[in-house]
There are 2 protein chains.
Amino acid sequence: MLGEKLKELREARGLVQRQVAAKLNVDTAYISKMESNEKPVSRTHLKKLSKFLGINEEELLTIWLADKVYDMVKDEAVALKALLATEEQVKKNTRRP
Amino acid sequence: MLGEKLKELREARGLVQRQVAAKLNVDTAYISKMESNEKPVSRTHLKKLSKFLGINEEELLTIWLADKVYDMVKDEAVALKALLATEEQVKKNTRRP
DNA sequence: ACCGAATTTGTCCTATCTTGGACAAGTCCA
DNA sequence: TGGACTTGTCCAAGATAGGACAAATTCGGT
């Protein structure tokens with residue numbers, strides 16, 4: 001999940017939440033909640049975080065999107081089938097957009 | 001997409017929108033919009049539809065969910081990568097829920 | 001054990017978006 | 001013409017996002 005990744009990155013850089021919070025102009029409680037997946041991370045925050053934490057934005061974006069999708073399907077019995085169907089759609093529509 | 005499927009099923013049964021609308025207690029405009037994917041189909045409607053149209057609910061549900069997921073990822077460059085990651089998550093968490 | 005900093009948790013708020021509809025008016029055929 | 005369908009607009013209720021703030025908890029040093 002994204003939260004764990006953000007925390008891991010922050011700690012690997014030796015940063016404390018207060019410093020990250022300052023960069024995003026929010027308080028530390030908000031950061032804490034991002035890191036524990038209690039609050040969604042907005043795309044603009046995500047961009048700033050990738051810059052500040054020095055990580056490829058695409059990687060973060062992938063986790064972010066996967067989390068959102070997972071949240072949508074996790075309670076559905078047909079989750080896997082639906083994911084496979086979605087892939088087909090995506091592949092089809094990237095060939096000729 | 002779900003809308004097309006619903007329309008196809010309805011027509012295959014020789015039904016008109018008015019009849020489906022009556023079953024769901026809504027007007028035909030609403031049905032029309034469901035069939036053209038302009039309005040989301042709620043789960044309770046979906047259940048009634050599967051019963052009324054005589055189709056396996058799971059099949060409809062799969063399309064319904066795939067549509068929702070597709071909508072979420074369709075504009076993202078990392079769509080496919082995220083879908084694959086989501087699959088992993090789903091597989092992992094179905095083994096030990 | 002104690003202190004202060006770091007983090008977490010709980011509650012609250014406002015603004016915006018989404019749902020699930022209705023209704024009116026239009027279009028399309030046969 | 002009339003039935004079937006579509007399109008556009010509107011609306012209330014509920015959900016969600018994006019925070020702030022206060023209070024509680026945890027944790028590293030000493």
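Per chain, numbering begins at 1; letters A, B, ... match sequence-line order.
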Report each atom pair, protein N/O against N/O of nucleotides 9-12 of chain C, whose distance is under 3.5 angstrom.
residue: C:dG10; atom: N7; partner: A:Lys33; partner atom: NZ; Å: 3.3
residue: C:dG10; atom: O6; partner: A:Lys33; partner atom: NZ; Å: 2.6
residue: C:dT11; atom: O4; partner: A:Lys33; partner atom: NZ; Å: 3.2

Every protein N/O within reach of nucleotides 28-30 of chain C N/O, cut-off under 3.5 Å:
none

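Taking both residues in full, the closest heavy atoms of A:Ala82 and B:Ala66 are given as O-CB, 3.7 Å, listed atom of the first, atom of the second, then distance. The two residues A:Phe52 and A:Gln19 have their closest heavy-atom pair at CE2-O, 4.1 Å. Nearest heavy atoms, B:Leu46 versus B:Leu61: CD2-CD1, 3.5 Å. In terms of heavy atoms, B:Thr94 sits closest to B:Lys91 at OG1-O, 2.9 Å.
Applying the side-chain hydrogen bond (donor to acceptor under 3.5 Å, both in side chains) test to residues at least two apart or on different chains, none of the pairs has a partner in residues 22-33 of chain A. For residues 48-61 of chain A, the pairs satisfying side-chain hydrogen bond (donor to acceptor under 3.5 Å, both in side chains) are A:Lys5-A:Glu59, A:Glu58-B:Lys81, with sequence neighbours left out.
Between the side chain of B:Arg13 and the backbone N or O of B:Leu53, at least one donor-acceptor pair lies under 3.5 Å.
Spacing between atom NZ of A:Lys68 and atom P of D:dT16 amounts to 13 Å, rounded to whole angstrom units. If you take CG of B:Asn37 and C1' of D:dC5, they are 16 Å apart, rounded to a whole angstrom. Rounded to whole Å, the distance from CD on B:Glu35 to P on D:dA4 is 14 Å. The distance from atom CG of B:Asp27 to atom P of C:dC23 is 8 Å, rounded to the nearest whole Å. Taking atom CZ of B:Arg43 as the reference point, atom P of D:dA15 lies 16 Å away to the nearest angstrom. Rounded to whole Å, atom P of D:dG18 lies 13 Å from atom CG of A:Leu49. The distance between atom CG of A:Leu46 and atom C1' of D:dA17, rounded to the nearest whole Å, is 15 Å. In this structure, NZ of A:Lys48 is placed 12 Å from C1' of D:dG18, rounded to the nearest angstrom.
For B:Glu8, the side-chain hydrogen bond (donor to acceptor under 3.5 Å, both in side chains) test picks out no residue, with sequence neighbours left out.
OP1 or OP2 of C:dG21 lies within a sub-4.0 Å distance of a side-chain N or O belonging to B:His45.
For A:Lys74, the NZ atom counts as densely surrounded, since its 6.0 Å shell holds more than 12 non-hydrogen atoms of other residues, nucleotides or ligands.
You'll find that the side chain of A:Val26 is closest to D:dG19, out of D:dG18, C:dC23, D:dG19.
A side-chain donor from one of A:Asn37 and A:Glu4 sits under 3.5 Å from a side-chain acceptor of the other.
Only B:Lys7, B:Arg10, B:Val16, B:Gln17, B:Arg18, listed by number, bring a heavy atom of residues 3-22 of chain B to less than 4.0 angstrom from any atom of DNA chain D.
B:Met1 and A:Leu84 are not part of a single hydrophobic cluster, where members link through side-chain heavy atoms under 4.5 Å apart.
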